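Throughout, protein chains are lettered first and strands after them, A, B, ... in sequence-line order, and every chain is numbered starting at 1. Since this is a predicted model, take the numbers as computed values, not measurements.
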2 protein chains.
Amino acid sequence: MLMINKNSPVPIYYQLEEIIRQQIDDGTLMPGKAIPSEREYAELYQISRMTVRQAINKLVNEGLLYRKKGTGTFVQPKKVEQVFQKLTSFSEDMIERGLVPKSKVLTFEHVPVNDLIAKSLKLENNSTALKIVRIRYADDSPMAIETSYMPADLMKDLQPEQAEESIYEFIEKNLQLKIQTAYQELEATIADEKLANLLNISEGDPVLLINRITYTSDGIPFEFCQSSFCAYRYRFINYLTR
Amino acid sequence: MLMINKNSPVPIYYQLEEIIRQQIDDGTLMPGKAIPSEREYAELYQISRMTVRQAINKLVNEGLLYRKKGTGTFVQPKKVEQVFQKLTSFSEDMIERGLVPKSKVLTFEHVPVNDLIAKSLKLENNSTALKIVRIRYADDSPMAIETSYMPADLMKDLQPEQAEESIYEFIEKNLQLKIQTAYQELEATIADEKLANLLNISEGDPVLLINRITYTSDGIPFEFCQSSFCAYRYRFINYLTR
DNA sequence: AAGTGGTCTAGACCACTCT
DNA sequence: GAGTGGTCTAGACCACTTA
């Protein structure tokens, strides 16, 4: 049996959360079937029921489990990963889809901000932003053209080589910022000549345009990003709850 | 001062949640500023700190508040509504955007299911589905063409007149089902001649195609819906968290 | 050092569902 | 009636941040 180490620095509720998660993965807990009751978990691992609830709450919030009053807690029947509704970088998204991401930096320069960028990033009108344009590949096919604007002073230590890899990684590891939320607008457009050439498609072909503003956990916007995805190769997936 | 009624059937944590929510609304609690500490709330309302945490947890999950270890709990600066990430019907969505929704039913018939429908709705291959095709208007402009498939037996009491209104309303009020989650795929396409005529646009114009499967709280799929939105008039908005 | 959120306990009573 | 999740209490110790 998977055990819980009460002396570990890892919180007990998190250990239990991982145990349940893994048992769903390996089929010990079956989709649509009830998991052990909260009191059973508390007895089994000799922990408080409130701690059990904390673990289960997180999984319910993620949509992996659902509760039925007076009946029990059940594994959500759909096994599709919720992971796509999470805020991910392009690289993380592609890896989730089983594809190999790659990037090529086309532009890496400082530019004065226009009104839209200034407003999105909450910058002064006369300030400068770092502008990065990248072709994003998946399994060596061009998947998207991505134009990012970030506050220049925040990104002063970012090297173009890092931009070929992952900017999110740089922000989280080097700047120690917590990336937390993003606001996105998605719309359908058609490719103009320039975009078509970059994406290796034809003029007039459909393109999924995503505008994203990304915020740290303090609510500070640090990136405005405009992505043009080749519609033939990419669809956007999300989950909604009522 | 807003009070908490301990004898009310309304849970205490929910009463506190509503108090905090309203104080954010009316500006008593300012964006970016700290709210009272958990211990202060507990003392103020003479309730347990765990109950306070339960109220705050919900608001943190919704993104209205955020916590900083050792520092306090703060109001998220962004005032944008989270409402668009919720599972809404077309009508609800349009009303949120300040537009007046209207529908016209083009097709209302029973059809044998094909493989995609059967798989999406978890139906047998020889069963029938109710197929409804509707033009969706916003402020009298055609916004989308929507084709829905639902299990025929489940929808046997649905009248075409109700479909002009809201099918979600019928499901929730008449069938007493809880609509809970939806899985969506969004992609960009271009309008063919037929679609262009219906949407009052030109052939080759961009169209946002949304495929949605909607589930009840028991995880049972009850609707497969394919919507073609006029890209000039509609963009999809969502929020992501890491 | 004082205050904050993070974690945890060992109980309790309630409304609900199922048999 | 037995079992379930929903709510709630009154403490406790911890790591962290700020002054």
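Atom CZ of A:Arg67 and atom C1' of D:dT4 are 11 Å apart (whole Å).
By the salt bridge (Lys or Arg N to Asp or Glu O under 4.0 Å) test, B:Lys131 is found to be paired with no residue, residues two or more places apart in sequence or in another chain being considered. Listed by chain and number, the residues in a side chain to side chain contact (heavy atoms under 4.5 Å, CB included) with B:Ala152 are B:His110, B:Thr128 (sequence neighbours excluded). A:Arg49 meets the side chain to side chain donor-acceptor pair (under 3.5 Å) test with A:Glu38; sequence neighbours excluded. Residues meeting the side chain to side chain donor-acceptor pair (under 3.5 Å) test with A:Gln226, sequence neighbours left out: A:Asn211. A:Tyr234 is linked by a ring-ring contact (aromatic ring centres under 6.0 Å, His included) to A:Phe229, counting only residues two or more places apart in sequence or in another chain. In terms of the salt bridge (Lys or Arg N to Asp or Glu O under 4.0 Å) criterion, A:Arg39 has no residue partners (sequence neighbours excluded). Scanning for ring-ring contact (aromatic ring centres under 6.0 Å, His included) contacts around B:Tyr41 gives an empty result, with sequence neighbours left out. Partners of B:Gln54 according to the side chain to side chain donor-acceptor pair (under 3.5 Å) rule, which considers only residues two or more places apart in sequence or in another chain, do not exist here. B:Phe74 is linked by a ring-ring contact (aromatic ring centres under 6.0 Å, His included) to B:Tyr66, counting only residues two or more places apart in sequence or in another chain.
The shortest distance between side-chain heavy atoms of B:Val52 and B:Tyr13 does not fall below 4.5 Å.
The stretch residues 49-59 of chain A touches DNA chain D through A:Arg49, A:Met50, A:Arg53, each having a heavy atom within less than 4.0 Å of the strand.
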Check the interface with nucleotides 15-19 of chain D: list each N/O to N/O pair with the protein under 3.5 Å, or write none.
unit_1, atom_1, unit_2, atom_2, d
D:dT17, O3', B:Thr71, OG1, 3.3

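No contact: A:Gln15 has no heavy atom under 4.0 Å from any strand.
Once you apply a 4.0 Å limit to the heavy atoms of chain A, the touched nucleotides of DNA chain C run 5' to 3' over C:dT7 to C:dT17.
Nearer the 5' end of DNA chain C, as judged by each residue's closest nucleotide, is the contact made by B:Pro36, out of B:Pro36 and A:Arg39.
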